[in-house]
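Notes follow the structure.
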Amino acid sequence: MTKAAKKATKKNAVASRLKAPARAAKVSLAALARRLDAAAREAKATEQLSFSNQLTLEQAYEVQRLAIAERVKRGARRAGVKMGFTSRAKMVQMGISDMIWGRLTTDMLVEDGGVTRFENYVHPRVEPEIAFLLKKPLMGDVTPMQAMEAVEAMAPALEIIDSRYDNFKFSLEDVVADNASSSGFVTGSWSRPDLDCSNLGLVLRFDGAPVQIGSTAAILGHPARALAAAARFAAEAGEPLQAGWIVMAGGATAAEAMRANLHVEVEMQSIGRCGFVIQ
Ligand code: OOG
Ligand code: MG
């Protein structure tokens, strides 16, 4: 190819990319969702969507919804929602400062004291969180106090995150489309919700050794704020939080990369512990 021809081809590629979004959006959101779903199923990283698709935040959430729908088609059920980037520790670690949310499904549940297999993940990390179990539906503009009135119980929790993107790198839209990196969750035994959860000390341990130390106060100053935010996002998405659902409030510390044959545990002041083995 001559230099001029090469230049023209490049120009056309750029021009078609500029014209693409409106047309590409409809056909490709479902395809992008299938690509992320396959990456998760095969535990094989894929390229960031943003490298070749200019998604709006709204489109990214639509990709997330469609990818979860694929799982539901295979028999998984909705189990709740997860909040992301509710602590500075997480924002700083990943370089994103917008709060996001993702969907939890029953196939993501790892039993407390259970085992999960390293080979099922791309590059799994774990982070300490607190989980709320709802006793009634919750949606819309509520104060943190009102949000807590819908809570049946709370528990120490661990989230397994596993970005489906190469090198665990992404833009805001990428991570939203990828269900906020969520891959698994573990909850400990449930405590009464009248306990003050605003500042519970916590330790994340790998094989018994502390790897992260923090407090639930890192979660927006009070995890109930993350719950209120979840109610707001639920309203925007038209998917009310349901009785029986779990809401993960977001990582209280930076996430830690896991390796195979590792015992992971979080211990939280006043409400206990939970853990699992990744093997
Ligand atoms: C995105 C998910 C963020 C949290 O708790 O803040 C998150 C990521 O870090 O990959 O789950
Ligand atoms: Mg998390």
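Both ligands and their constituent atoms are indexed starting at 1 by order of listing. As a basis for the values below, the full set of heavy atoms in this structure was taken, side chains included, without hydrogen atoms, waters or symmetry mates. Since we're looking at a predicted model, the values are computed, not measured.
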Query raised in the report: Are side-chain N/O atoms of T105 and R78 paired as donor and acceptor at under 3.5 Å?
Result: no
Query raised in the report: Do any N/O atoms on T86 end up under 3.5 angstrom from N/O atoms on ligand 1?
Result: no
Report summary line: ligand 1 to G251, heavy atom cutoff 4.0 Å, flagged ligand atoms 4 (C), 5 (O), 6 (O)
**Report entry** Between T116 and Y121, a side-chain donor and acceptor under 3.5 Å
**Finding:** yes
Requested in this report: Could you list which atoms of ligand 1 come closer than 4.0 Å to a heavy atom of I161?
Outcome: 8 (C), 9 (O), 10 (O), 11 (O)
Report task. Using a 4.0 Å heavy-atom cut-off, say whether R125 meets ligand 1 through its side chain, its backbone, both or neither. Result -> neither
Report task. May I ask you to decide if L49's main-chain N or O and N53's side chain share a donor-acceptor pair within less than 3.5 Å? Result -> yes
Query raised in the report: Tell me, which protein residue and heavy-atom name are nearest atom 2 (C) of ligand 1, and how many Å apart are they?
Result: A180 O, 3.2 Å
Query raised in the report: Can an N or O of F85 be found at a distance shorter than 3.5 Å from an N or O of ligand 1?
Result: yes
Query raised in the report: Atom CE in M108, atom CD1 in I160: separation rounded to 0.5 Å?
Result: 9.0 Å
Query raised in the report: In terms of heavy-atom contacts, does NZ of K169 have more than 12 from other residues, nucleotides or ligands at under 6.0 Å?
Result: no
Report task. Give a yes or no on whether the ring-centroid distance for W101 and Y61 is below 6.0 angstrom. Result -> yes
Requested in this report: Would you confirm whether T106, through its side chain, and R77, through its main-chain N or O, come within 3.5 Å as a donor-acceptor pair?
Outcome: yes
Query - Greater than 12 external heavy atoms within 6.0 Å of R41's CZ - result: yes
Query raised in the report: Got a salt bridge between E239 and R103, using NZ or NE/NH1/NH2 to carboxylate O under 4.0 Å?
Result: yes
Requested in this report: Using a strict cut-off of 4.0 Å, indicate which atoms of ligand 1 neighbour a heavy atom of F168.
Outcome: 10 (O)
Query - Numbering as shown, the atoms of ligand 1 that approach G84 to under 4.0 Å (heavy-atom distance) - result: 3 (C), 4 (C), 6 (O), 7 (C)
Requested in this report: Could you name all protein N, O or S atoms found under 2.8 Å from the Mg ion (ligand 2)?
Outcome: E127 OE2, E129 OE2, E159 OE1
Query raised in the report: Looking at M248, Q212, K90, E256, which hits side-chain contact (heavy atoms from CB on, under 4.5 Å) with E127?
Result: K90
Requested in this report: Would you please determine whether E129 falls within less than 4.0 Å of ligand 1 on a heavy-atom basis?
Outcome: yes
Query raised in the report: If you measure from CG on N179 to CZ on R65, what distance do you get to the nearest 0.5 Å?
Result: 13.0 Å
Query raised in the report: If you count the atoms of ligand 1 from 1 in the order shown, which ones are under 4.0 Å from a heavy atom of M83?
Result: 4 (C), 5 (O)
Query raised in the report: Please walk me through it: do S182 and E159 pass side-chain hydrogen bond (donor to acceptor under 3.5 Å, both in side chains)?
Result: CA-CA 7 Å; S182 201; E159 186 184 21; 2.5 Å; yes
Query raised in the report: Honestly, is R259 close enough over F118, meaning NZ or CZ under 6.0 Å from the six-membered ring centre and within 45° of the axis?
Result: no
Requested in this report: Could you tell me whether R74 atom CZ has more than 12 heavy atoms of other residues or ligands within 6.0 Å of it?
Outcome: yes
Report task. Do me a favour and list the nearest non-hydrogen protein atom to atom 4 (C) of ligand 1 with residue, atom name and distance? Result -> E127 OE2, 3.3 Å
Query raised in the report: What atoms of ligand 1 come within less than 4.0 Å of a heavy atom belonging to G250?
Result: 5 (O)
**Report entry** N/O separation below 3.5 Å, F170 to ligand 1
**Finding:** no
Requested in this report: Look at atom 11 (O) of ligand 1 and find which of M94, M91, K82, K169 reaches it with the closest heavy atom.
Outcome: K82
Query - For atom 9 (O) of ligand 1, the protein heavy atom that lies nearest, with its residue and separation - result: K90 NZ, 2.7 Å
Report task. Write out the residue and atom name of the closest protein heavy atom to atom 10 (O) of ligand 1, then the distance separating them to 0.1 Å. Result -> S181 OG, 2.7 Å
